[in-house]
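Notes follow the structure.
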Amino acid sequence: MSKLSTHLAVLCNHPLFKGLPESALDELEQATCSRRLQAGQTLYYQGDSAQNFFILVHGQLKLHRHSSDGNEHVLGIVRPGGALGETLLYDKRPSHLLTATALRDSLVIQIHNASYRNLLKRYPQLAPALLTRLSERLNQRLEDIDNLATSSANHRVARFLMLRQKGTSGVVELDIPKRLIASKLGIQPETLSRILHRLSDAGLISMQSRRIDILDQRKLAAFLHDSADQSYRSMRSDSRAELRKAG
């Protein structure tokens, strides 16, 4: 099987293209190309024109931006099968809101936006999958904003561990550096390390290199719940203080 046919097979099995008839493969071939990235290489920068979107075949990319003080803020990690830039398909003046950089050697398939829109018109059976992904992406962003705005550092770390475990196995594989995890959670790396060691000392987790084992799911869930309650009480207290000042 040629490299091109391999990529077509990847696309035809991807949710955004699944169900596309064989008669459309030539059209799909004309709309796509592959790009290889070395670790550290940037796929696109914040503010670049977005005339294409991408499917990650293998490797890993981070979505990030830099604040005015020069600090990097990681907003997402893209793993194989993930899409980048598809939310801008129908933007009138599309430009990337984040920078995408390879964390390891990666291969992406580039799809021209206008060509994909034409496929959607001709094969409307593709539309539900796109709408599902857009809805999931929006809900995830809203959840991230709420988590950063209203939760404590303890809550964010506990929630991360609960969500990142493989099923209910209690095994969490850290496939990115801890500094990037901390940035994604909106905390400092030393804060992340301190909370992880606190959980370890309490017997809730064990840590070995890039693996974390959740030793007590029930207690970690209780820790997550207590952290959320503390954040809520603190927020209410701050609100009352602001009202007293305003009065």
Side-chain angles (χ1 to χ4, degrees), residues 1-64 74-141 164 166-167 173 175-176 180 184:
M1 184 179 286
S2 69
K3 182 166 67 174
L4 178 59
S5 61
T6 299
H7 292 172
L8 284 178
V10 168
L11 290 179
C12 289
N13 285 300
H14 192 277
L16 292 180
F17 296 89
K18 201 166 186 178
L20 199 64
E22 290 188 11
S23 58
L25 292 185
D26 287 342
E27 186 176 348
L28 181 58
E29 177 182 337
Q30 296 300 317
T32 65
C33 66
S34 63
R35 291 179 59 178
R36 293 187 179 276
L37 302 170
Q38 295 182 340
Q41 187 176 353
T42 295
L43 177 62
Y44 55 76
Y45 289 94
Q46 177 184 343
D48 283 355
S49 177
Q51 302 302 322
N52 306 281
F53 72 98
F54 306 88
I55 304 294
L56 179 61
V57 179
H58 64 72
Q60 194 178 61
L61 292 94
K62 65 177 177 179
L63 299 173
H64 60 111
V74 177
L75 283 87
I77 301 296
V78 183
R79 297 176 174 85
L84 305 90
E86 80 282 14
T87 58
L88 299 170
L89 270 166
Y90 286 95
D91 197 302
K92 292 182 179 179
R93 293 185 177 180
S95 59
H96 291 293
L97 302 178
L98 303 171
T99 298
T101 302
L103 290 172
R104 57 186 67 171
D105 291 351
S106 302
L107 173 66
V108 299
I109 299 176
Q110 176 178 300
I111 303 99
H112 190 245
N113 287 351
S115 298
Y116 187 72
R117 289 195 297 268
N118 288 334
L119 284 173
L120 284 170
K121 289 179 182 178
R122 294 179 57 196
Y123 307 101
Q125 64 267 32
L126 298 177
L130 175 62
L131 292 174
T132 297
R133 291 184 74 89
L134 295 180
S135 177
E136 290 174 347
R137 189 68 62 86
L138 174 61
N139 289 333
Q140 182 61 57
R141 288 290 176 259
R164 284 297 299 163
K166 297 178 180 178
E173 296 287 354
D175 59 349
I176 59 174
L180 296 184
K184 179 73 168 61

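- Side-chain contact between Ile77 and Lys184: absent, with no pair of heavy atoms (C-beta onward) separated by less than 4.5 Å.
- Contact check for Thr32 versus Leu28: side-chain heavy atoms found under the 4.5 Å cut-off.
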Exercise for the section: Could you walk me through whether Asn113 and Arg117 pass side-chain contact (heavy atoms from CB on, under 4.5 Å), step by step? Expected result: CA-CA 6 Å; Asn113 287 351; Arg117 289 195 297 268; 3.6 Å; yes
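- Here the shortest heavy-atom pairing between His96 and Asn52 reads CE1-O, 4.3 Å.
- Open room surrounds OH on Tyr45; 12 or fewer heavy atoms of other groups in view lie less than 6.0 Å from it.
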Handout entry: Test log, rule side-chain contact (heavy atoms from CB on, under 4.5 Å), inputs Tyr90 and Leu134
Key = CA-CA 11 Å; Tyr90 286 95; Leu134 295 180; 6.0 Å; no
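- More than 12 heavy atoms of other residues, nucleotides or ligands lie within 6.0 Å of CD in Glu173, so this atom counts as buried by the packing criterion.
- The shortest heavy-atom contact between Tyr44 and Gly85 is OH-N, 4.3 Å.
- Atoms NE2 and CZ, from His14 and Arg133 in turn, are 4.5 Å apart once rounded to the nearest 0.5 Å.
- A distance of 10.5 Å separates CG of Leu75 from OG1 of Thr99, quoted to the nearest 0.5 Å.
- Nearest approach of Leu8 to Leu25, heavy atoms of both residues: CD2-O, 4.4 Å.
- Among all heavy-atom pairs drawn from Pro124 and Pro128, the shortest one is O-CD, 3.6 Å.
- Between Phe53 and the options Leu16, Leu84, Thr87, a side chain to side chain contact (heavy atoms under 4.5 Å, CB included) holds for only Leu16.
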Exercise for the section: Show your reasoning for whether side-chain contact (heavy atoms from CB on, under 4.5 Å) applies to Arg36 and Asp105. Expected result: CA-CA 8 Å; Arg36 293 187 179 276; Asp105 291 351; over 6 Å; no
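- Taking all atoms of both residues into account, the shortest heavy-atom contact from Arg79 to Asp175 is NE-OD2, 2.7 Å.
- Note: Tyr116 OH to Leu89 CG = 7.0 Å, rounded to the nearest 0.5 Å.
- In this structure, Ile176 CD1 and Arg104 CZ are separated by 9.5 Å, a value rounded to the nearest 0.5 Å.
- In this structure, OG1 on Thr132 lies 13.0 Å from CZ on Arg137, to the nearest 0.5 angstrom.
- Taking CG from Leu97 and CD from Gln46, the interatomic distance works out to 7.5 Å, rounded to the nearest 0.5 Å.
- Of the residues Ile55, Leu103, Val108, Leu63, the one that meets the side chain to side chain contact (heavy atoms under 4.5 Å, CB included) test with Val78 is Leu63.
- The shortest distance between side-chain heavy atoms of Arg122 and Pro21 does not fall below 4.5 Å.
- Here the closest heavy-atom approach between residue Phe17 and residue Ile111 is recorded as CZ-CG1, 3.9 Å.
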